[in-house]
Amino acid sequence: MQTLAQVLKASNAPAALQDVLTTTTNTCIDICEALHKGSLAGILGVAGNENVQGEEQKKLDVISNDMLKSDLMNCPAVRAVASEEEDDIVPANTDGEYLIAFDPLDGSSNIDINAMVGTIFSIYHDQSTQPATEADFLKPGSEQAAAGYVLYGPSCMLVLSTGEGVNMFTLDPEKGEFVETQTGIAVAKDTQEFAINMSNQRFWSSNMQSYVEDLVAGKEGPREKNFNMRWVAAMVGDVHRILCRGGIFMYPWDSKDPSKPGKLRLMYEANPMAMLVEQSGGKAHTHTQRILDIQPEGIHQRVPVILGAANEVDKCLSY
Ligand code: F6P
Ligand code: MN
């Protein structure tokens, strides 16, 4: 079995990108340790601040953000970072060639119930020699040099793409390193499993309501097959299930807050997950376009997300 370092060395990823990935994933190993200590470390609960989206920050969100920010700023290959927990981008090294956007702890409402959470990251190459600005980050997801997540579940897993398919790694806690455990991840084109927060049903568009109504109607309905439903309430957990056993995941537009085009964030949730899903043969769309084609307008922009099994995403969009 190959370690992450060996896999990266054998890949076409430039050395500077390998450094960014090694730094990021090493910090995630530290975050994993902090999570495992749980309340023993006195770090569960609310830190008292709100993040830029007005959600309550948990202490571990703040801690994970600070760990990633400080380690990445010290990595010479990093030009700037953008984080869910930072209002503005944080410039690092003017000579650095890579920009990294991350969600330090996705699904953080799961922390207090000891359920799955994760770190999601998206990396862009950017060779400008000027100090980094937010505008440098606003590249479509199709230009990502690498994307991935670390899932803090029963085992700690890294799922990574540098544009040559998707590889899964499992943390060997004794050695403190990620070891490759699955390669050539492929999402089946058809599925009988969907993921959506059903409590929002009455706020969806009528087309989305009809689509889900037809899924739920099962064998007796127009789809003529039964569907199962799962919802981890952490995108990282739901997307991981889709990469492992297929399915469709949706966080569509809803009318609860008409000013928001969706709940999930383009730069550090939708784009990296879209790259992983497409690299596995799946599809990732908003209601109207391929996620990786979106020209971002801001680092905290939100988008509707429909991703997973290619034929099922097409079916959903046909409504
Ligand atoms: O980061 C936002 C997020 O926590 C995602 O990880 C997850 O998919 C979603 O929100 C959960 O939303 P809800 O609270 O509606 O279940
Ligand atoms: Mn998140």
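Along the sequence shown, residues carry numbers from 1. Both ligands and their constituent atoms are indexed starting at 1 by order of listing.
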- Query: Does the side chain of Asn12 come under 3.5 Å of the side chain of Glu164 through a donor N or O and an acceptor N or O?
  - Reply: yes

- Item | Short N or O distance, Trp231 and ligand 1, threshold 3.5 Å exclusive | yes

- Task: May I ask you to check whether Tyr211 and Tyr319 place their ring centres under 6.0 Å from each other?
- Result: yes

- Item | Minimum-distance N/O/S atom that Asp103 presents toward the Mn ion (ligand 2) | OD2

- For ligand 1, which atoms have a heavy atom of Tyr251 less than 4.0 angstrom away? 12 (O), 13 (P), 15 (O)

- Message: Can you tell me which N/O/S atom of Glu269 has the shortest distance to the Mn ion (ligand 2)?
- Response: OE2

- Any side-chain donor-acceptor pair under 3.5 Å between Asn271 and Ser122? no

- Item | Met235: numbered ligand 1 atoms lying under 4.0 Å from its heavy atoms | 5 (C), 6 (O), 7 (C), 8 (O)

- Query: Is Val236 in polar range of ligand 1, meaning some N or O pair under 3.5 Å apart?
  - Reply: no

- Query: Checking only N/O/S atoms, does Asp106 have one that is under 2.8 Å from the Mn ion (ligand 2)?
  - Reply: yes

- Check ion pair Glu193-Arg241 (N to O, under 4.0 angstrom): yes

- Centroid-centroid distance, Phe249 to Trp231, less than 6.0 Å: yes

- Query: Just distances here: any N/O of Asn197 and N/O of ligand 1 closer than 3.5 Å?
  - Reply: yes

- Message: Under 4.0 Å between a side-chain nitrogen and a carboxylate oxygen: does that hold for Glu312 and Arg223?
- Response: yes

- Task: Decide whether Tyr149 and Asp103 meet the rule of one side-chain donor and one side-chain acceptor closer than 3.5 Å.
- Result: no

- Query: Short N/O distance, under 3.5 Å, between Glu84 and ligand 1?
  - Reply: no

- For Asp106, atoms of ligand 1 separated by under 4.0 Å from a heavy atom: 1 (O), 5 (C), 6 (O)

- Message: With heavy-atom distances below 4.0 Å as the criterion, list the atoms of ligand 1 near Arg265.
- Response: 1 (O), 2 (C)

- Item | Thr162 and Ser11: side chain donor to acceptor below 3.5 Å | no

- Task: Run the contact test for Asp238 against ligand 1 with a 4.0 Å cut-off on heavy atoms, strictly below, and give the result.
- Result: no

